[in-house]
Amino acid sequence: MGNMRALVTGGGGFLGRYIVEQLLARGDHVRIFSGQQYPELAALGVESRVGDLEDKPTVEAACEGVDVVFHAAARPGIWGPWRLFHGINTRGTEHVIDGCRKHRVGRLVFTSSPSVVYDGHDHQGADESLPYASRFLCHYPHSKALAEQAVLAANARDGLATCALRPHLIWGPRDTQLIPRLIARAKRGQLRRVGDGRNLISMVYVENAARAHLLAADALSPTSPVAGQAYFINEPAPVNLWDWINTLLGRAGLPPVTKSISATAASAIGAALEGLHLLFKIPSEPRMTRFLASQLSRSHWYRVDKARRDFAFESAVTVEEGLRRLEPELRASP
């Protein structure tokens, strides 16, 4: 499109930075809202607003004078107090919505998560007709589900058009969460296959996830089919989770996972560790939780037909090319 004025919350983060770079590449003006300054982005002409999503006046001020908001900032993780997840992911999103409405922003694209519908059962070729989960095993998906519902409910209010994207297992260069933790555990000999190793999952290369955000924003208007809708975003074909993990380990020069534990045992261990961490007020994340045990042993893969139909989503970077770009970081991991 070009010449669009965009705000990217979390613009210095993993996904957010790729959204920023793709906007800049086509000539859009970009402002980010984050918890710190990023001199390297400022050098590219990015405007920066520093603040906290829980600070409503600061969030609202960041929304002034833009055409579209990409709300990618969130508190990730599967452990921690409810007040932090709810304050940042849910209340923070409500502040973004209020900022959009106050300053008559036309479009809001929210980065959600497939975990908002994850109910602990296998999801195989599922689509957006899945209802929100009625029970959550950790606070992150619960807080994101509430946030997504608020975003979609805000559609068509005060001229605001909204949509929510649910990218699944984002991976690629500059990741600071998923892959670094995987490699670190492998190097410590702490990886175990959970379940029978046959579960299929969806994943998405980070540049493809960012591209989906731009495509959705460009198609979003009060009268478009995108308005008020949620979309799964991932590569079209699922992969075997444990084959995928072993592929990453191989690219990092590490041996494959050979030891295993049953899903039932992993879930029981997760429940016990959660209880111990709560009882003794241990702030660190347990090595296993019930949510993690379920995610590692169950299938969860999703169709992208709706995103293809409504805003022509297709992956621009192949999985093999993504692996080639990621491999230097995998081999350089400490």
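Model, not experiment: these values are computed from the prediction.
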Any chance the side chains of [X] and [Y] put a donor and an acceptor closer than 3.5 Å?
X	Y	result
Ser143	Asn89	yes
Thr93	His71	yes
Tyr231	Asp310	yes

Taking atom [atom1] of [X] and atom [atom2] of [Y], what is their separation to the nearest 0.5 Å?
X	Y	atom1	atom2	result
His277	Ile282	NE2	CD1	4.5 Å
Leu248	Leu323	CG	CG	6.5 Å
Lys144	Gln149	NZ	CD	13.0 Å
Leu160	Ile97	CG	CD1	8.0 Å
Arg17	Ser34	CZ	OG	9.5 Å
Arg287	Leu292	CZ	CG	11.0 Å

Would [X] end up clustered with [Y] when hydrophobic side chains under 4.5 Å apart are linked, directly or stepwise?
X	Y	answer
Trp242	Val239	yes
Val46	Tyr18	yes
Val30	Leu215	yes
Leu182	Met203	yes

**Asked** What do the steps show when you test Gln124 against Trp301 for side chain to side chain contact (heavy atoms under 4.5 Å, CB included), and what is the final call?
**Response** CA-CA 5 Å; Gln124 301 187 70; Trp301 62 277; 3.5 Å; yes
[X] and [Y] ion-paired at < 4.0 Å:
X	Y	value
Glu320	Arg324	no
Arg26	Asp218	yes
Lys56	Glu94	no
Arg290	Glu274	yes

Would you say [X] and [Y] make side-chain contact, with heavy atoms under 4.5 Å?
X	Y	value
Arg107	Met4	yes
Leu220	Val68	no
Leu23	Phe70	yes
Asn3	His29	no
Phe110	Leu165	no
Val105	Asp67	no
Ile183	Leu254	yes
Arg193	Ile261	no

Please check: side-chain N/O of [X] versus main-chain N/O of [Y], any donor-acceptor pairing under 3.5 Å?
X	Y	value
Arg49	Ala61	yes
Asp28	Arg5	no
Ser315	Val317	no
His142	Cys138	no
Arg298	Gly120	yes
Glu128	Phe232	yes
Asn234	Tyr302	yes
Asn199	Ser299	no
Thr9	Ala73	yes
Ser267	Ala263	no

Restricting to ring-ring contact (aromatic ring centres under 6.0 Å, His included), what partner residues turn up for [X], sequence neighbours left out?
X	answer
Phe85	none
Tyr118	His123, His300
Trp171	Tyr205, Trp244

Around atom [atom1] of [X], are there more than 12 heavy atoms of other residues, nucleotides or ligands at under 6.0 Å?
X	atom1	result
Lys187	NZ	yes
Arg303	CZ	no
Arg188	CZ	yes
Arg331	CZ	yes

Check [X] against [Y] and note the closest heavy-atom contact, atom names and distance.
X	Y	answer
Leu53	Val96	CD2-CG2, 4.1 Å
Thr111	Pro167	CG2-CG, 4.0 Å
Pro286	Leu273	CB-CB, 3.9 Å
Cys63	Val69	SG-CG2, 4.4 Å

**Candidate pair Arg325 and Glu207, rule salt bridge (charged side-chain N to carboxylate O under 4.0 Å, His left out), full reasoning** = CA-CA 11 Å; Arg325 297 180 186 184; Glu207 292 181 55; 2.7 Å; yes
**Message:** Between Gln229 and Lys306, is the side chain to side chain contact (heavy atoms under 4.5 Å, CB included) condition met? List the steps.
**Reply:** CA-CA 10 Å; Gln229 297 297 309; Lys306 185 178 176 182; 2.7 Å; yes
**Request:** Report yes or no: is the cationic atom of Arg308 (NZ for Lys, CZ for Arg) closer than 6.0 Å to the six-membered ring centre of Phe313, at no more than 45° off its axis?
**Result:** no
**Request:** Output the rest of the hydrophobic cluster of Leu146: all Ile, Leu, Val, Met, Phe, Trp and Tyr residues reachable through side-chain heavy-atom contacts under 4.5 Å, sorted by chain and number.
**Result:** Trp82
**Message:** Does anything in residues 172-182 form a side chain to side chain donor-acceptor pair (under 3.5 Å)? List the pairs, not counting sequence neighbours.
**Reply:** Glu21-Arg174, Arg181-Glu285
**Phe136/Phe291 aromatic ring centres below 6.0 Å** = no
**Request:** Apply side chain to side chain contact (heavy atoms under 4.5 Å, CB included) to the pair Ser48 and Gln37, showing each step before the final yes or no.
**Result:** CA-CA 7 Å; Ser48 180; Gln37 295 280 359; 3.2 Å; yes
**Request:** Name all residues meeting the side-chain hydrogen bond (donor to acceptor under 3.5 Å, both in side chains) criterion together with Ser113; count only those two or more places apart in sequence or in a different chain, and write none if there are none.
**Result:** Ser115
**Item:** Check against side chain to side chain contact (heavy atoms under 4.5 Å, CB included), Leu241 and Leu296
**Value:** CA-CA 8 Å; Leu241 172 61; Leu296 292 176; 4.1 Å; yes
